[in-house]
There are 2 protein chains.
Amino acid sequence: MLIIVADCEVNYTGRLTTYLPRARRAIIVKADRTVLVMADRGHQPLNWMVLDKRSSLHIEPDRIVATKGKEQLEIMLHQVLARHELELGAEPGLAKAGEELEMQQSLAARPEAILPGLRLIQREYATSIGPIDLLCRTLDDQAVVVEVKRTAAGIEAVEQVCRYVTVLSEDSRFAHAQPVLVAQSFRPQTVQYAQRRGVLCVQITLEQLRQGAEGELRYPAGPYCGPGLFELG
Amino acid sequence: MLIIVADCEVNYTGRLTTYLPRARRAIIVKADRTVLVMADRGHQPLNWMVLDKRSSLHIEPDRIVATKGKEQLEIMLHQVLARHELELGAEPGLAKAGEELEMQQSLAARPEAILPGLRLIQREYATSIGPIDLLCRTLDDQAVVVEVKRTAAGIEAVEQVCRYVTVLSEDSRFAHAQPVLVAQSFRPQTVQYAQRRGVLCVQITLEQLRQGAEGELRYPAGPYCGPGLFELG
DNA sequence: TCATTAATGTCGAAT
DNA sequence: ATTCGACGTTAATGA
C-alpha cells in the first residue's frame, strides 16, 4: 500500500466526467492497484479506480494515471507532502453474521415462524423475473410467496413480492398466491402501501428468530389486489 | 486526518455483527470523525463508521472505539507500525458532468429524440408521489410520461413510471398517459416486464443525444394495459 | 462473461 | 426525522 499526501488536481473520464480542483488530499494505491483519492470527510472516496489485469497504472513523481477500458483517472501531484509505502500482508477476511441470507435460512428452517402451519415448498424458487425467497403453502394449501428483507422494508419490497405473485399466476399450481413480506422493521408508508395491495407484513427480528420466537403480524391480510393497482386516498 | 498502520483486530456490532481477525491494516480517522479500516485491495473498507454529533469516538494508544446509537466499532491495536496525523484543509468539492440531469435536460430540449413529434409540457412535473422527469404530449395530443435513467434501467424504473401514470389519471388533462422509459441501456428482464405493462422502452445514449441523433425505438408501442394490469401470453 | 440482487450500501435533497 | 431516488454505486453469486 502506497499512501501519498499531496496538493493535487484530479480528472476522471469514463462513466461520467469529473474534475477535482487543486487541494490537499490523501491518495492511496493498494496492492491490487486500486487507487483512491480521499478527502477528510465521509465514507466515500472523491475519486477512485479499481483496476483489473487489462488496466494500466503509471505512477510518476508528479502524476498518477490509471486507465481501464474507456475510463481514465489522472491525478496531478503539484506538491507531495508525504509518501509512505508499506506491506500489509494477507487479509484473513471479514466474518459476517446477520445478513439477509441468515434470515432467509432461519425462516426456511422454521416457516411456521411467519404464519402458523406454513410449510416450505422451496427456497430461492426460480421464476422468469428472479428467484422467490420462500415459496410456501398454508394449512389449506394456498400458495404463499414470501419476500425477506433484513432491514426496514420499503415500498419496492411490496412491489417486488407482487411481481412474483403475478408471474406465479401463470402456473396453475401457484395461482392466487398470497404475498407476504417479512422484515425486521417496516417503514410506515410500506405498511400502508402493503395494505392496499393485500400484502401481509410480518415483523420478526433476527434475535427473535434465533430464539425461536414467532413473527408478529403487523398488518392483517386483505384480499390480494392484483398486480399493480395503485389508488391514492 | 489520522492514518495508523497497525496489527489490529476489529469488532463491529450494529446493523449486523462482524469480526475481523488480527492482521495488519491501515486505519484512517478523518476530520469529521469518520473511521475506516482498510485492507490492501478493493474500493470498500473492511469496516467503517461515519459519526454524527451524538456519536462518540475514543482514540487510545491500543484501542479505538466509535459508538453511534446502537452501533459500535471497536478496533484493538495490537501493534502500531506507523502513525501520521495531518491537516488536509478545505475540500473545494467534486465537479460532475454527465449525470442523469444532463440526459434529462438534453431530452427536455429535444423531446422529439424520444418519439417523433413529441413535445414537452413540463420537466420535473410535480405529483404527490414525486416529480415526473418529462411530461409530454404526442402529435395527437396523448399525454406521455417519460422516466429517464442514465444507466441500465431495471424493473423498478418500469414500476416508477407506471405509478406516475396512475397518479396522473386523476387529472383529466393527462388521463390515459403513455408511459415511456428512456435509458442508455435496458436489462433483459426490464424490457420483458415493460412489455407486459405497456411501457415503451427507448434506448438513447448520451453520445447520441450530444450528437443530436434520434433515439432508437427498442420496443414497439403496445397499448398501455392500465396501471399494473397486464395480460399474459 | 453476463445478469441479477444485497448492502452496515452512501449520499443528498425534499418533505 | 424520515423518505426517496441516484450512484462512476460496489460486491457477490449463479447461470
Side-chain angles (χ1 to χ4, degrees), chain A residues 12-18 34 37 41-50 52 66 68-73 94 96-104 124 126-133 147-157 160 185-190 192-193, chain B residues 10-18 34-37 41-50 52 54 66 68-73 93-94 96-101 103-104 124 126 128-131 133 147-157 159-160 163 183-192 206:
Chain A
Y12 165 79
T13 54
R15 304 187 219 181
L16 54 61
T17 303
T18 73
T34 296
V37 179
R41 60 170 293 267
H43 166 276
Q44 199 169 326
L46 291 164
N47 279 114
W48 71 95
M49 196 104 109
V50 181
D52 54 25
K68 177 189 181 183
K70 290 174 185 169
E71 293 180 279
Q72 185 177 54
L73 179 67
L94 184 67
K96 293 184 182 184
E99 300 161 281
E100 185 183 271
L101 184 61
E102 186 186 338
M103 271 200 84
Q104 198 193 103
E124 298 282 357
T127 74
S128 61
I129 58 163
I132 293 172
D133 284 348
E147 173 65 28
V148 181
K149 286 279 170 262
R150 191 188 55 82
T151 45
I155 285 178
E156 338 72 58
Q160 195 177 354
S185 69
F186 292 87
R187 296 181 194 157
Q189 291 185 359
T190 306
Q192 205 172 43
Y193 186 61
Chain B
V10 186
N11 278 295
Y12 166 79
T13 53
R15 305 187 219 180
L16 54 61
T17 303
T18 73
T34 296
V35 182
L36 303 172
V37 179
R41 59 171 294 269
H43 165 275
Q44 199 169 327
L46 291 163
N47 279 115
W48 70 93
M49 196 106 107
V50 181
D52 54 25
R54 287 164 306 188
K68 176 188 180 184
K70 290 175 186 169
E71 293 179 278
Q72 185 175 54
L73 180 66
L94 185 67
K96 294 184 181 183
E99 303 161 280
E100 186 185 271
L101 184 62
M103 269 199 85
Q104 199 194 102
E124 298 283 356
S128 60
I129 57 164
D133 284 348
E147 173 66 27
V148 181
K149 287 277 172 265
R150 190 187 55 82
T151 44
I155 285 178
E156 337 73 56
E159 275 160 352
Q160 194 179 351
R163 283 201 299 270
Q184 300 204 81
S185 69
F186 291 86
R187 295 181 196 159
Q189 291 187 358
T190 306
V191 177
Q192 201 174 42
L206 248 178

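The basis for the numbers below is simple: all heavy atoms, side chains too, and nothing from hydrogens, waters or symmetry mates. Lettering follows sequence order; numbering is per chain, from 1.
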- Sorted by position of nearest nucleotide on DNA chain D, 5' first, the leading residue of B:L94 and A:I155 is A:I155

- Query: Hey, which of these two, A:E71 or A:T190, hits DNA chain D nearer its 5' end, going by closest nucleotide?
  - Reply: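 On the 5' side of the pair lies A:T190.
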
- What heavy-atom pair brings A:A66 and A:M49 nearest, and what distance separates the two atoms? O-CE, 3.1 Å

Name the nucleic acid region contacted by [X], choosing base, sugar-phosphate or nothing; use a 4.0 angstrom heavy-atom cut-off, strictly under.
| X | result |
| --- | --- |
| A:L101 | nothing |
| A:T151 | sugar-phosphate |
| B:M49 | nothing |
| A:K70 | nothing |
| B:G154 | nothing |

Is there a donor-acceptor pair closer than 3.5 Å between any side-chain N or O of [X] and the backbone N or O of [Y]?
| X | Y | result |
| --- | --- | --- |
| A:K68 | A:V50 | yes |
| B:T190 | B:A153 | yes |
| B:R15 | A:T151 | no |

Whole angstrom is fine here: how far is it from [atom1] in [X] over to [atom2] in [N]?
| X | N | atom1 | atom2 | answer |
| --- | --- | --- | --- | --- |
| B:K96 | C:dA13 | NZ | P | 11 Å |
| B:L16 | D:dA12 | CG | P | 14 Å |
| A:Q72 | D:dG8 | CD | C1' | 14 Å |
| A:L46 | C:dT10 | CG | P | 17 Å |
| A:R187 | C:dT15 | CZ | P | 18 Å |
| B:F186 | C:dT4 | CZ | C1' | 17 Å |
| A:D133 | C:dA6 | CG | P | 7 Å |
| A:Y12 | D:dC7 | OH | P | 13 Å |

Any idea which of [options] is nearest the [X] side chain?
| X | options | result |
| --- | --- | --- |
| A:P131 | C:dT5, D:dA6, C:dT8 | C:dT5 |
| A:P188 | D:dT3, C:dT8, D:dG8 | D:dT3 |
| B:E147 | C:dA3, D:dA11, D:dA6 | D:dA6 |

- Between B:E71 and B:L73, is a side-chain contact (heavy atoms from CB on, under 4.5 Å) present by the stated rule, with each step listed? CA-CA 7 Å; B:E71 293 179 278; B:L73 180 66; over 6 Å; no

[X] side chain near [N] phosphate (N/O to OP1/OP2, under 4.0 Å):
| X | N | value |
| --- | --- | --- |
| A:K68 | D:dG8 | no |
| B:R15 | C:dA6 | no |
| B:W48 | C:dG9 | no |
| B:R54 | D:dA1 | yes |
| B:Q44 | C:dG9 | no |
| A:R150 | C:dA6 | no |

- Task: Could you check which nucleotide pairs with C:dT8 in any of the strands shown, counting Watson-Crick or G-U wobble with both distances under 3.5 Å?
- Result: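 Its partner: none found.
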
What's the gap between [N] and [M] when it is taken at their [atom1] atoms, as a whole Å value?
| N | M | atom1 | value |
| --- | --- | --- | --- |
| D:dC7 | C:dA7 | P | 22 Å |
| D:dA11 | C:dC11 | P | 15 Å |
| D:dG5 | C:dT8 | P | 22 Å |

- Message: Before you tell me yes or no, could you show the steps for A:Q160 and B:E156 under side chain to side chain donor-acceptor pair (under 3.5 Å), namely the whole-Å CA-CA distance, both residues' side-chain angles and the distance that decides it to 0.1 Å?
- Response: CA-CA 9 Å; A:Q160 195 177 354; B:E156 337 73 56; over 6 Å; no

- Query: Hey, are B:N47 and B:T18 close enough side-chain-wise for a donor-acceptor pair under 3.5 Å?
  - Reply: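 Yes, a side-chain donor-acceptor pair sits under 3.5 Å.
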
- Task: For A:E100 and for A:R41, locate the closest nucleotide of DNA chain C by heavy-atom distance; then report the residue assigned to the nucleotide nearer the 5' terminus.
- Result: A:E100

- Task: Starting from the 5' end of DNA chain C, give me the residue, A:G130 or B:L73, whose nearest nucleotide shows up first.
- Result: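 With A:G130 and B:L73 compared, the 5'-side residue is A:G130.
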
